[in-house]
Amino acid sequence: MKHESYDPHTIEERWRDFWRERGYFRVDTAHPKRKFYYLNMFPYPSGYLHVGHGRNYIIGDAIVRFLLMRGHDVLNPMGWDAFGLPAENAAIERGIHPRDWTLANIAYAKNQFRAWGIEYDWEREVTTCLPDYYRWTQWLFLKLYENGLAYKKRAAVNYCPNCKTVLANEQVVGGECERCGTPPEQRELDQWFFRITAYADRLLADLADLAWPDHVKKMQENWIGRSEGATIAFRCEGGEEIRVFTTRPDTLWGATFLVLAPEHPLVDALTVPERRAEVEGYRRAAGRASEIERLSAEREKTGVFTGSRALNPVTGEPIPIWIADYVMPTYGTGAIMAVPAHDERDFTFARAFGLPIRVVIAPPDGPVLDPHAMGTAYTGPGTMVRSGPLSGTPAATAIARTIAYLEEQGIGERTVVYKLRDWLISRQRYWGAPIPIVYCDRCGVVPVPEEDLPVLLPEVPFIGKMGLADIPGYADTVCPRCGGEARRDTDTMDTFVDSSWYFLRFVSPHAEEVPFVTEDVNRWLPVDLYVGGVEHAILHLLYARFITKALHDLGYVGFTEPFRRLFTQGMVCHTAYKCPQHGWLYPKEVDDLRCTKCGQEVATSYFAMSKSKKNVVEPADIIQRYGADTERLYTLFMGPPDRDIEWSEEGIRGAWRFVNRFWNLVVGQLPHLAGIAGEPDPSRFGPAERALWQKLHATVKKVTEEFGERLGLNTAIAAIMELANEAAAYVEGPGPDLQLVRAVLSRMILLLSPFTPFLAEELWQRLGEERAILDTPWPEYDPRAVAGDEVEVPVQINGKVRTRLRLAAHAASDPDALREAALTAPDVQERLRGHEVQRVIAVPGKLVSIVVR
RNA sequence: GCGAAGGUGGCGGAAUUGGCAGACGCGCUGGCCUUAGGAGCCAGUGCCGCAAGGCGUGCGGGUUCGAGUCCCGCCCUUCGCACCA
């Protein structure tokens, strides 16, 4: 080897602490000139970060380095979402305290960041499980409580018997506990809720202004689930009033029965004695049925008749009242009017139980519907028929006219309902922020005074699944109001409360009197770019938006949305092996696709990296073999950041080879470049120089633009590779222009520096540059140089490219000259012989298309 | 069922505005170098064909001088929601 070969370990060790010592990633939040709040979703400290986690932070570090070079004041903090069940469960397994486990993981992860070359302002570190943070989570609870946004109620809630705690609706995914997959049970419990439903309309409306991926907005929209319709009152024969919600009030004349949810409060009163046994039996069965069973749309419809009737308010006809579990107790009023002719579910139910079907909507131009012949409900548009005074109303105005009529008659009114329900935040586990509430026999529910915060987690040896209620003495306290004996609330808050405001704390992490300094957060928020996994599309992002709006209304912040732009990065997948007998296997337990324990053939598949599937790749191994720069480069190169990608052992070698080639290119040129300074002089360029010069400027443009809207970092890297390939070919050629070589190499180092910061800093210094890269402005490009002075223009004949012309840029941009050049080109002439030219389309700078016969 | 995203070589993926399909990388093939190669370098590599040429972006139609890109109708994959009245 004629020069020093690339040794990532020496290089990376040299620069690792340089950035920290120089404080490049610190920011003065009080005096930003061009502020940019970049935020990665903070991690859950679960043990270690694998290369899949790394992707999130590597994307962020590259963007932040770019922004710094562009002269922004970047707030780029990092912290730990440190409370929660997994730490508790891991601690139980290991027989240690969740705090010790968590803090050890944090220390380990910080070293991993350092190894990756990812720097943060660690003076802003926020750890949600420490009292100086959760004190303010409790403060948040108190503020919501004082303003009627936190309340306690007894309700049927989802309880996970395995995790031994209740769950929010958002944490029941597909009828299973989000954490452990156990189907939750319904339990009647006294629990704390946050009144997120009070913000349903604004959470929905404000989505419009967010620069978020459409699918994430759509998911939130669906989750909030706004429906417009009417509430209609039905008088029962026994005098009770049943209110139903419907989106189709125009079908009211076709309502032939009512259905209540089994849990509906009027069921008892409406059940006649001879039906009581059957109704009670059905209610008990419905209570036991898990959420999955009950929500399955394919399930047979079941229900029972209460024996009572109500009067259809517009026809005066008595109609039977049933109960059925296809009606949800918590949506709308928990009761529906059934219009079997025009609603699929009601139709199925009516057919199953022989209930009458009455057609009140006539399809346009269609045959008159015959209730006996219908195989399915007609839910399409049509004219109202058999609907008393409203008969003949066309579809377009039917709903609005019916609502007006109902309001006139005093039977009902326009109503908007949401699927969104209040956020259940009580958890019966230890590792969370205690709810700062005291129960006193004399004073009732008493909030802990702000000055008494934090309510500390009790210091106990940690022995097993437990809540604060299991810890002797924890609940005993005195009432803050009367000083008498009282009991503490023994629940902790959902960890999503912790993460619903952490982005505010980062701005003023050391404030002791307040959770954050309003003036400062107003200067820095909303977050300019928030990057994280799409799995938080609903839970975290909806909660954080809600809390921000609540804090806004209470006067603590001046903005209503926390995250202006959201980017969701894809997951890193990797081969996973499964043995029919031994389950998931580590790659080292597989030989020639057979299990090393039993010799059976293993199944291979691709999954997002996870410990449970034993398919994680450890950054330490990769860094040991190739260095952090190679891992970073490969991570960003292997696919667009918003898509899932597949980690491959071969792929990383490609990145490794590039890093080596680049090193060899620059280090190989160093002896020639000593003493070479100044910008190259384009007037002295030959064709090879002009081509390279153009490529350089085009590459600067490309890379710069990819850091904008698209974040196509994979193609930015590809562009740099192209430039490197051309530069390598150029320096091998005859008599290279050394000023040009220096210009190309030094700018290429800058372009590469967000991706491979160690390598870039090292080569930059070896090139003799005095300033560090992060003190150097990002390279500029000259649009004229990008355009170049000669272009290649393809010529199509009947839609096929037949030849390419090399033309001066000015000729290519003039349609007439372009047309002329194409038609006179010898090989075009050749092809046109014997044909009649019908049409010539010359697109300046692009191509010429000739149509012949 | 509803909604969203996607389907391009052997593979990961490019093609940003209707204008050269397959950039860049992996893999593969051949060669060089080497005691050796899971190192490095050079060349080739969408498919069919000796070639000229033809065919090619899930399938079928359409618009256009020109379609991966736009329109209509399907198929498949992934994700989200799912008896929400």
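In the text below, chain A, chain B and the rest are named by the order of the sequence lines, each starting its count at 1.
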Quiz item: Base, sugar-phosphate, or nothing: which does Lys419(A) touch, judged by heavy atoms less than 4.0 Å apart?
Solution: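 Counting heavy atoms under 4.0 Å across all strands, the contact made by Lys419(A) includes a base.
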Quiz prompt | Distance, rounded to the nearest Å, where Lys846(A) contributes NZ and A15(B) contributes P | solution =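 Interatomic distance, NZ of Lys846(A) to P of A15(B): 14 Å.
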Quiz item: Considering only the P atoms, how many Å lie between A15(B) and G6(B), rounded to the nearest integer?
Solution: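 Between the two P atoms, the distance is 13 Å.
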Practice problem: Give the C-alpha distance, both sets of side-chain angles, the deciding distance and a yes or no for ring pair (Phe, Tyr, Trp, His ring centres under 6.0 Å) between Phe349(A) and Trp322(A). | Solution: CA-CA 10 Å; Phe349(A) 194 81; Trp322(A) 285 62; 5.6 Å; yes
Quiz item: At under 4.0 Å between heavy atoms, what does Val843(A) touch on the DNA or RNA strands: base, sugar-phosphate, or nothing?
Solution: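 Val843(A): base contact, heavy atoms under 4.0 Å.
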Self-check item: Counterpart base for G27(B), defined by Watson-Crick or G-U wobble contacts under 3.5 Å
Solution: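 Check on G27(B): paired to U45(B), both distances under 3.5 Å.
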Quiz item: Is Arg243(A) near enough to A85(B) that one of its side-chain N or O atoms lies under 4.0 angstrom from OP1 or OP2?
Solution: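 So the side chain of Arg243(A) is outside the cut-off, no N or O lying under 4.0 Å from OP1 or OP2 of A85(B).
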Exercise. With a 3.5 angstrom cut-off on both distances, give the Watson-Crick or G-U wobble partner of C2(B), or none if there isn't one.
Key: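 Here C2(B) is engaged in a pair, and the nucleotide opposite it is G80(B).
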Quiz item: Over how many whole Å does the gap from Asp343(A) atom CG to G1(B) atom P extend?
Solution: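 In whole Å, G1(B) P and Asp343(A) CG are 18 Å from each other.
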Exercise. Give a yes or no on whether a donor-acceptor pair under 3.5 Å exists between the nucleobase atoms of U16(B), that is its base, and the side chain of Lys702(A).
Key: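 Indeed, a donor on one side and an acceptor on the other fall under 3.5 Å apart.
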Quiz item: Where does G9(B) land, syn or anti, once you apply the within-90°-of-0 test for syn?
Solution: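 That one's syn.
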Quiz item: With a 4.0 Å cut-off on heavy atoms, is Glu344(A) in touch with a base, just the backbone sugar-phosphate, or nothing at all?
Solution: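 Nothing, no heavy atom under 4.0 Å.
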Quiz item: Once each nucleotide of nucleotides 21-36 of chain B is scored for protein heavy atoms under 4.0 Å, what B/S/- sequence comes out, 5' to 3'?
Solution: --BBSSS---------
Quiz item: Using a distance-only test with no angle check, is there a side-chain donor-acceptor pair under 3.5 angstrom linking Thr756(A) and Arg632(A)?
Solution: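 Side-chain D/A pair, Thr756(A) to Arg632(A): absent.
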Quiz item: Got a second to check how far Ile841(A)'s CD1 is from Lys846(A)'s NZ, nearest 0.5 Å?
Solution: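 Going from CD1 on Ile841(A) over to NZ on Lys846(A), the span is 15.5 Å.
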Quiz prompt | Assigned partner base of C32(B), Watson-Crick or wobble definition, under 3.5 Å | solution =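 Paired with C32(B), as far as the under-3.5 Å criterion goes, is G40(B).
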Self-check item: Option from Tyr626(A), Trp647(A), Trp656(A), Phe658(A) for which ring-ring contact (aromatic ring centres under 6.0 Å, His included) with Tyr634(A) holds
Solution: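 For Tyr634(A), the ring-ring contact (aromatic ring centres under 6.0 Å, His included) check succeeds only for Trp647(A).
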Practice problem: Could you let me know what G73(B) is paired to, Watson-Crick or G-U wobble, both distances under 3.5 Å, or none if it's on its own? | Solution: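 Partner of G73(B): C59(B).
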Exercise. Using a 4.0 Å heavy-atom cut-off across all strands, classify Ser849(A) as base, sugar-phosphate, or nothing.
Key: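 Ser849(A): base contact, heavy atoms under 4.0 Å.
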Quiz item: Is a donor-acceptor pair below 3.5 Å formed from side chain Lys218(A) to base C81(B), judging by atom type as modelled?
Solution: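 For Lys218(A), whose side chain was compared with the base of C81(B), there is no donor-acceptor pair (under 3.5 Å).
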Quiz item: Given C65(B), is OP1 or OP2 found less than 4.0 Å from the side-chain N or O atoms of Arg839(A)?
Solution: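 Indeed, a polar side-chain atom of Arg839(A) lies that close.
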Practice problem: Describe the nucleic acid contact of Asp214(A) in one word from base, sugar-phosphate, nothing, applying a heavy-atom distance below 4.0 Å. | Solution: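 No contact.
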Exercise. Classify the nucleic acid contact of Pro213(A) as base, sugar-phosphate or nothing, counting any heavy atom under 4.0 Å across all strands shown.
Key: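 Pro213(A): no heavy atom of the nucleic acid under 4.0 Å.
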Quiz item: Cut-off 3.5 Å, side chains only: do His574(A) and Glu649(A) have a donor facing an acceptor?
Solution: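 The answer is yes; a qualifying pair exists.
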Exercise. Using the six-membered ring of Tyr326(A), assess whether NZ or CZ of Lys301(A) lies under 6.0 Å from its centre and within 45 degrees of the ring axis.
Key: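 Here Lys301(A) passes the 6.0 Å and 45° test against Tyr326(A).
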